[in-house]
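Values in this document were obtained by computation on a predicted structure and should not be read as measured data. In the text below, chain A, chain B and the rest are named by the order of the sequence lines, each starting its count at 1.
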Amino acid sequence: MTSIWRRRLRDTALFVAMSALGVVFVVPLLFMVVSSFKDDAAIFANLDSWSAYLPSAGWSMRNYAAVFDKSDLPSFLLNSTLIAALVVCGGVLVNSMLAFTIARMRWRGRSLVLALVVAMVIVPFEVIAIPLLSLVAQLPWPSFEHGRLVLHTGWFNSLHVQVIPFLANAFCVFLFYQFFRDIPPELDEAAKMDGAGPWTIYARIIMPNSGPVIATAAIVLFISAWNQYLWPIMVIQGEAFRPVQPGIQQFFGRTNSWGQIMAYATVITLPVLAVFLAFQRQFVASVAGTGVKG
Amino acid sequence: MKCVLTMLLAAVALPALAAPVEIKVWRHDTGDLEMAAGRAAVERFNRSQSRWKVVVEAIPQGSYTESITAASMVGQLPCVIALDQPTVPNFAWAGHVRPLDGLLPADALARLLEGGRGTYRGHVYSVGQLDVVLALFARRSQLAALGIRAATMAQPYTAAEFHDILLTAKHSGRYRFPLDLNGRFKGEWYSYAFSPWLQSAGTDLIDRGTYLRVDGVLNSDAAVGVGRYYGRLFKDKLAERNPADDKAFEQGRALFHYTGSWKARDYSERFGADLVAMPPPDFGHGPKIGAASWQWGITRSCRYPDGAAAFLTHLISAPEIAAASRMTGLVPVSAEAAALTAHYRPGGDWRMYFEFAKRYAVARPATPAYPALSSAFEKAMADIRSGKDAAEAFDEAVEAVEQNIGRNNGYGFATNKAGGGL
Amino acid sequence: MKIKPGQDSPLAVAAFASPAVALFLLFVALPLLLAAGATLTNHRLMSPEPTRYVGLDNYRRLLALDMALVPPLRDARGAALRDEEGVRYPTWRQVRTLHPTLGTYREAFHLDLPAALGGSRVVLAASDPLFYRSLINTFLFALLVLPLQSGVALGLAVLVNQKVRGRILFRTVYFAPVVTSMVVASIVWSFMLNTDRGMLNELLRGLLHDPNAGPDWLGDSHYALPAIALMSAWQGAGFQMLVFLAGLQSISPELYEAATLMGANAWQRFVHVTLPGLRNTIVFVLVSTTLLAFGLFTQVDVMTSGGPLDSTSTVVYHAVRTGFREQDVGYGSTITLVFFVIVLALSCLQRMLVSKGEKS
């Protein structure tokens with residue numbers, strides 16, 4: 001009898017502890033979402049009571065209407081989605097291919113390239129941001145105009161400037177490499193004996209067995225692409241190709257309305273949260289699957 | 001007969017020739033009223049003629065200068081850009097904007113007040129429609145309740161008197177922080193709002209004779225006095241270091257709001273006759289305020305300078321300035337335009353802002369070093385706010401500016417001096 | 001093309017590797033080289049003057065250090081002058097006129113010796129004091145965040161690993177902050193940490209019944225960096241929690257059973273079974289958190305702009321401000337290059353320590 005009681009007590013204690021922690025983690029987000037529905041006076045009036053986290057009188061979508069009116073948020077959301085999708089698809093492909101050559105193919109210089117890749121994980125983006133700015137200012141880009149192929153100089157104000165520099169990701173290459181190493185080489189051998197070339201091995205054997213690491217890499221790439229802040233500020237001047245994060249600056253103008261700021265913040269956070277909620281089982285399994293082997 | 005034929009031909013040909021050429025304009029993103037006024041002006045211009053079509057793009061104000069810089073690196077600047085007037089000499093020195101003297105009609109330029117033009121080395125590089133005036137806002141009823149007199153242009157507050165007034169207000173218990181100094185603003189606000197205090201104390205940001213000397217000017221005793229005064233406002237908890245917003249005055253939590261006249265319309269509507277706009281405190285040489293706001297310039301890379309010039313001429317015409325002023329409530333930069341508005345004509349209820357501009361306004365130093373100057377001053381004030389001694393803070397600012405000027409070879413002023421000899 | 005026996009066709013290798021390698025070369029290696037080259041010039045982002053080669057000037061400007069001993073201001077009788085804030089010392093410019101060798105240096109750190117030791121002020125002067133202060137701040141931040149974020153993550157993982165009801169919900173809740181962008185998190189937190197009307201201080205004031213309670217979180221130079229560390233830990237713990245969770249789940253349950261049979265209680269099981277089993281995971285988490293901590297930029301840019309009194313300025317923030325905002329590309333690149341070398345050295349050090357630990 002007592003051991004069941006003790007178990008119950010332990011479970012309750014655990015539940016209480018976890019709930020308390022959960023409150024700490026969720027409170028700022030809850031505050032953000034709830035405040036987005038209140039007008040500014042109400043936000044401040046409620047701050048020292050529990051009603052800061054609850055709907056109060058005067059709930060409205062007014063802040064959201066203002067946000068969509070003041071800025072071109074739907075277009076920003078579209079841009080961010082496109083950029084993130086391109087970075088994820090292109091990134092998964094490009095990084096896994098390189099990891100495949102390091103993990104599965106034998107060639108001179110293989111370990112050197114691996115060491116360089118690992119070294120590049122350390123480079124924070126801000127270190128290369130400014131020379132990268134000068135660089136993309138001078139790179140050419142083809143486009144069709146008046147039925148002819150024309151070369152523009154400079155990549156500013158485009159989608160590709162926000163996608164291409166971020167496709168090759170050293171951390172993802174490393175993740176893929178670690179995972180590929182653990183796929184049994186017997187599968188490869190069997191395929192080779194049937195006359196399969198490297199592409200077939202890559203496409204038919206390695207990648208289909210790499211669900212977990214592909215999911216992990218996809219999420220890492222998606223979150224980093226969606227949260228780009230400094231780079232778009234530097235390379236995007238007009239509104240046509242602006243993604244969501246820099247747009248929040250517009251609401252810190254002369255009069256900042258915290259309700260509108262919270263509304264904007266909510267709109268750009270919820271999609272990512274929803275994606276995570278939908279795929280969280282796969283994501284957690286993938287992190288567990290890639291694990292951290294020695 | 002031939003005449004009629006020619007006319008018919010012309011009538012048919014002209015529309016084909018006259019597809020409007022697009023003139024691209026970039027402007028900073030700002031308050032809703034200003035944006036709406038800007039859009040209206042553009043529409044009127046586009047409708048009034050069919051040769052040019054102006055298209056406007058808005059860029060977030062926080063990263064505006066960086067965006068312009070990046071675009072200039074790739075030669076992708078549009079035809080017309082909005083510029084904050086004190087940065088105009090820097091853009092002119094870097095070669096991004098062209099002089100307007102030849103492009104705009106001279107009489108139109110001459111009719112603008114000081115705050116409507118951006119000049120550098122004798123040439124005009126930018127023009128604006130509106131100016132903003134600094135004022136100390138308060139409510140008569142609140143002042144009366146504490147027995148405080150309202151300042152007037154004839155008798156402004158002295159700095160010491162103002163400090164005592166604030167202490168009285170704080171001790172009354174009604175105001176946690178009696179003075180609102182727009183603590184949330186970043187960037188140019190500090191130079192715009194507080195360098196006039198230096199001028200009111202008899203000193204300045206830089207020596208305007210040579211535009212090279214900062215030592216002994218920015219860190220003179222008078223400047224350090226102003227710095228210490230500013231620091232004490234926060235030490236004595238008379239102003240809030242990190243306010244959550246700038247609504248303290250309108251919500252009755254602050255007694256005074258030191259801000260620009262962009263708030264004039266809002267406050268007039270809210271408080272009516274109870275509102276009183278007073279000159280800033282006098283530090284010894286009379287109250288001084290900043291001058292000139294955002295203006296328009298034509299880039300060197302613009303392929304249709306006449307179109308751009310036509311747009312700017314349209315903007316600085318008296319009716320347009322008056323229309324902009326009516327929509328935004330800001331101060332018009334020419335006397336004729338002022339006469340056309342209800343608020344700013346002689347006898348109008350906001351005429352005092354126009355008078356403030358005429359009597360107290362001092363333009364910020366017209367040197368390409370201005371961005372460095374402003375950023376160094378902002379940092380010094382931020383450090384003073386956080387408790388640093390004013391003498392040290394201004395010394396550091398002087399250092400930073402001197403090194404910046406040295407690294408840029410005097411921004412072109414050194415060579416001028418060598419050749420001059422006066 | 002000679003294919004060595006046992007090696008794959010170079011063509012195939014090239015085909016697979018070239019996209020990523022080309023991208024790395026163009027967008028990572030080349031900018032690094034350009035940055036290195038820029039450090040030897042006075043290149044500016046926008047200037048009518050041509051770029052000049054300046055040799056090691058930028059490095060000198062960044063790294064030069066000197067020390068000075070400054071006696072306090074004395075009155076006529078030779079006693080030290082005092083005001084309400086303590087002993088008064090001459091301002092830095094006055095000190096420099098007395099010590100011309102200090103050139104254009106400015107004060108980075110000072111230490112006031114007590115009267116018993118002479119009462120002078122020991123000043124460490126540098127050509128770029130902000131760089132040294134930023135370096136110290138960056139290390140401090142890493143020291144604060146590392147134990148906080150990793151410790152919390154490990155604790156959360158252990159909790160979530162228990163068979164409690166609703167653990168999937170809790171796991172989602174703990175991970176939620178990770179999906180918010182740093183910009184959004186910084187904005188929401190700077191609102192919550194507002195001194196006079198922020199939620200945290202209102203709560204404190206309510207709890208303590210003191211209308212003046214609540215420190216100036218982002219405005220006091222002693223609280224600002226810890227506040228940012230707290231907020232960063234909040235944002236990042238969820239991700240490390242998942243990594244730890246994976247590690248925990250890979251520890252075989254038989255080890256726990258064996259430990260229980262041997263009479264170990266929960267704590268002993270944790271120390272002797274869990275921790276050793278998580279060794280690689282812990283190393284991975286520590287290394288990756290350290291690297292992220294050194295790159296601190298967005299929070300500082302949004303919440304404090306490097307203040308108050310430079311207490312939150314980090315190396316990356318200083319580099320972006322000088323290189324991009326003040327347009328001094330040559331100098332900004334110098335800062336980032338020196339920083340990169342420091343980070344490289346540190347991670348090599350970490351790796352050496354780890355492998356030494358493995359051997360022992």
In terms of heavy-atom pairs under 4.5 Å, which option from [options] contacts chain C the most?
{"options": "A:Arg104, A:Met105, A:Arg10", "answer": "A:Met105"}
{"options": "A:Val272, A:Leu133, A:Val136, A:Leu132", "answer": "A:Leu132"}
{"options": "A:Val26, A:Ile223, A:Leu21", "answer": "A:Leu21"}

Go through the steps for C:Val13 and A:Arg106 under the test side-chain contact (heavy atoms from CB on, under 4.5 Å), then give the verdict.
CA-CA 9 Å; C:Val13 174; A:Arg106 287 159 296 177; over 6 Å; no
Among [options], which residue forms the greatest number of heavy-atom pairs with chain A at distances under 4.5 Å?
{"options": "C:Leu34, C:Ile335, C:Thr180", "value": "C:Thr180"}
{"options": "C:Leu291, C:Leu159, C:Val320", "value": "C:Leu159"}
{"options": "C:Val343, C:Thr172, C:Val287", "value": "C:Thr172"}
{"options": "C:Val329, C:Leu245, C:Leu156", "value": "C:Leu156"}

Measure across [X] and [Y] and return the closest heavy-atom pair with its distance rounded to 0.1 Å.
{"X": "C:Ala319", "Y": "A:Ile130", "value": "O-CD1, 4.5 Å"}
{"X": "A:Met97", "Y": "C:Ala15", "value": "CE-O, 3.8 Å"}
{"X": "C:Phe27", "Y": "A:Ile128", "value": "O-CD1, 3.5 Å"}
{"X": "A:Pro198", "Y": "C:Ala12", "value": "CG-CB, 3.7 Å"}
{"X": "C:Val188", "Y": "A:Pro28", "value": "CG1-O, 3.6 Å"}

Report which part of [X] has an atom under 4.5 Å of a heavy atom belonging to chain C: side chain, backbone, both, or neither.
{"X": "A:Phe15", "value": "both"}
{"X": "A:Ile164", "value": "both"}
{"X": "A:Val23", "value": "neither"}
{"X": "A:Ile268", "value": "side chain"}
{"X": "A:Ala170", "value": "both"}
{"X": "A:Val173", "value": "side chain"}
{"X": "A:Leu277", "value": "side chain"}
{"X": "A:Phe171", "value": "side chain"}
{"X": "A:Leu230", "value": "side chain"}
{"X": "A:Ser19", "value": "both"}

Relative to chain A, which segment of [X] carries a heavy atom at a distance below 4.5 Å: side chain, backbone, both, or neither?
{"X": "C:Asn201", "result": "neither"}
{"X": "C:Ala176", "result": "both"}
{"X": "C:Tyr174", "result": "both"}
{"X": "C:Arg171", "result": "side chain"}
{"X": "C:Leu30", "result": "side chain"}
{"X": "C:Val316", "result": "side chain"}
{"X": "C:Phe294", "result": "neither"}
{"X": "C:Val283", "result": "neither"}

Sub-4.5 Å side-chain heavy-atom contact between [X] and [Y]:
{"X": "C:Phe191", "Y": "A:Met262", "value": "yes"}
{"X": "A:Asp11", "Y": "C:Gln162", "value": "no"}
{"X": "A:Asn227", "Y": "C:Met182", "value": "no"}
{"X": "C:Ser181", "Y": "A:Trp226", "value": "no"}
{"X": "A:Leu98", "Y": "C:Phe24", "value": "yes"}

Does the pair A:Trp258 and C:Ile187 meet the rule for a side-chain contact (heavy atoms from CB on, under 4.5 Å), with working shown?
CA-CA 10 Å; A:Trp258 284 103; C:Ile187 291 173; 3.9 Å; yes
So, taking the atom named CE in A:Met32 and the one named CH2 in C:Trp189, what distance separates them when rounded to the nearest 0.5 Å?
13.5 Å
Run A:Met18 and C:Val173 through side-chain contact (heavy atoms from CB on, under 4.5 Å) and show every step you take.
CA-CA 10 Å; A:Met18 289 171 82; C:Val173 160; over 6 Å; no
Determine the sole option in A:Asn95, A:Asn169, A:Leu167 for which the side chain to side chain contact (heavy atoms under 4.5 Å, CB included) test with C:Leu23 is passed.
A:Leu167
Show the numbers, then the answer: is there a side-chain contact (heavy atoms from CB on, under 4.5 Å) between A:Phe125 and C:Phe297?
CA-CA 10 Å; A:Phe125 174 69; C:Phe297 170 73; over 6 Å; no
Check whether C:Trp234 reaches the backbone of A:Phe25 with its side chain - one donor and one acceptor, N or O, closer than 3.5 Å.
yes
